[in-house]
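Right, one structure below, let's go through it.
Ligands are counted one by one from 1 in listed order, and the atoms in each one are counted from 1 as well. Note that the coordinates shown come from a computational prediction; the quantities given were computed from them, not determined experimentally.
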Amino acid sequence: MRVLVCGGAGYIGSHMVRKLISSGHTPVVFDNLSTGHSAALDEAFRGAAEKGISPVLVKGDVLNVGDVEKLFDEQPVDAVIHFSAHSKVSESLAKPALYYHGILVGSLNLLAAAIHSKVDTFIFSSTAAVYGTPETMPIEESCPTNPISPFGQAAKMVEMILEDYAQAQGLKSIALRYFNAAGADPEGRLGENHDPETHLIPNVLKAILGKTPPLDIFGNDYPTPDGTCIRDYVHVEDVADAHLLALNHLCAQTGSGYFQTFNVGSGKGFSVLEVMAAAERVTGQWVPYTFTHRRAGDPAVLVASAEKAKQTLGWNPKYPSLDDIIRTAWRWFNK
Ligand code: UDP
């Protein structure tokens, strides 16, 4: 199958590209390389020729209708995986237009071109931020969605659009609600490389390596056992697996129109201090840190129920241990 991977040069996108190739599919990567890395794609594409696969990189912007139309004219595809360009809650609070415009217009442009080209299979990177501040844990997909940030709002709006397009246009789509994707390709070829880095695990490892000042822990007065926020960390390889299963699931839908949401999380929660302790176990080194004020938009606890993805998609995470997640990230950082 030829699969369009929008944002395929990014962190999760590049792992997805590798996964598609190893599963015998041909990725057509569409990326403006503003935050993604062509070096990551070189790694992700490695070994494709031996499998008789010719992956493609098309440079372009989902916000540019001309780029998107040209892409669909020149590169026939069977399905679309749309990795959202912007994915930081706190940044979205400071720059709402970047998020509303980027996520909504990008998605609408892709959907219009896909439907015009009769491509009816679409996977969207949604987020746990659609849940806002949930009242029950673990969070099931049926829990109310009351986002408290432009990022969460925009992702929820795209989910609503997909649901409407399923009814009206026969679109078959899945929104995967990511919790905290972390870790790196176990063979050490791909990993997380954001600039600036805002995510906890890479920041912990950078603090250990002395590449940054001591880690800032955003808040120690949350209503959690140790006062720091609890999150659900899920290995990026398992996130990529969830997409592949979602793709197979969509292809198995014979009727017209389909839409479902699935959480992509491990089902286990760890506080910031527990993540630091795990990093110290894995690396054998201390994490220098200071407590600072809360970061805007951070709910105290976000932990997924992963049951729906397990039951419906047959998802079976291969890296459920936090220590293993950190170990793969540490190997990547040391390269
Ligand atoms: N966090 C922190 N220091 C950092 C980065 C993150 O204390 O340098 C905390 C953050 O407040 C949140 C958790 O770690 O409670 C996970 O944050 P991250 O940015 O990795 O993911 P998010 O949950 O925002 O998607």
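Distance alone, capped at 3.5 Å, is enough to place a donor-acceptor pair between the Arg294 side chain and the Asp221 backbone.
For the pair Lys172 and Tyr258, the cation-pi test (distance below 6.0 Å, angle within 45°) is failed.
By the neighbour-count criterion of 12 heavy atoms within 6.0 Å, atom NZ of Lys95 is sparsely surrounded, having that number or fewer from other residues, nucleotides or ligands.
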Please output the side-chain donor-acceptor pairs of residues 100-113 that fall under 3.5 Å, not counting sequence neighbours, one pair per line with the distance.
{"from": "Ser107", "atom 1": "OG", "to": "His82", "atom 2": "NE2", "distance (Å)": "3.4"}
{"from": "Ser107", "atom 1": "OG", "to": "Ile103", "atom 2": "O", "distance (Å)": "2.7"}
{"from": "Asn109", "atom 1": "ND2", "to": "Val62", "atom 2": "O", "distance (Å)": "2.8"}

For residues 136-152, run the donor-acceptor check on the side chains, cut-off 3.5 Å, and write out each pair with its distance to 0.1 Å, sequence neighbours left out.
{"from": "Glu141", "atom 1": "OE2", "to": "Asn263", "atom 2": "N", "distance (Å)": "2.7"}
{"from": "Thr145", "atom 1": "OG1", "to": "Lys156", "atom 2": "NZ", "distance (Å)": "3.2"}
{"from": "Ser149", "atom 1": "OG", "to": "Gly152", "atom 2": "N", "distance (Å)": "3.1"}

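Near ligand 1, residues Asn180, Thr198, His199, Leu200, Asn203, Leu215, Asp216, Ile217, Phe218, Cys229, Arg231, Tyr233, Val272, Arg295, Asp298 come within 4.0 angstrom through at least one heavy atom.
The other members of the hydrophobic cluster of Met276, by chain and number, are Leu200, Ile201, Val204, Leu205, Ile208, Leu209, Leu215, Ile217, Tyr233, Phe270, Val272, Leu273, Val275, Val282, Val287, Tyr289, Phe291, Leu322, Ile325, Ile326, Trp330, Trp332, Phe333 (side-chain heavy atoms under 4.5 Å, ILVMFWY only).
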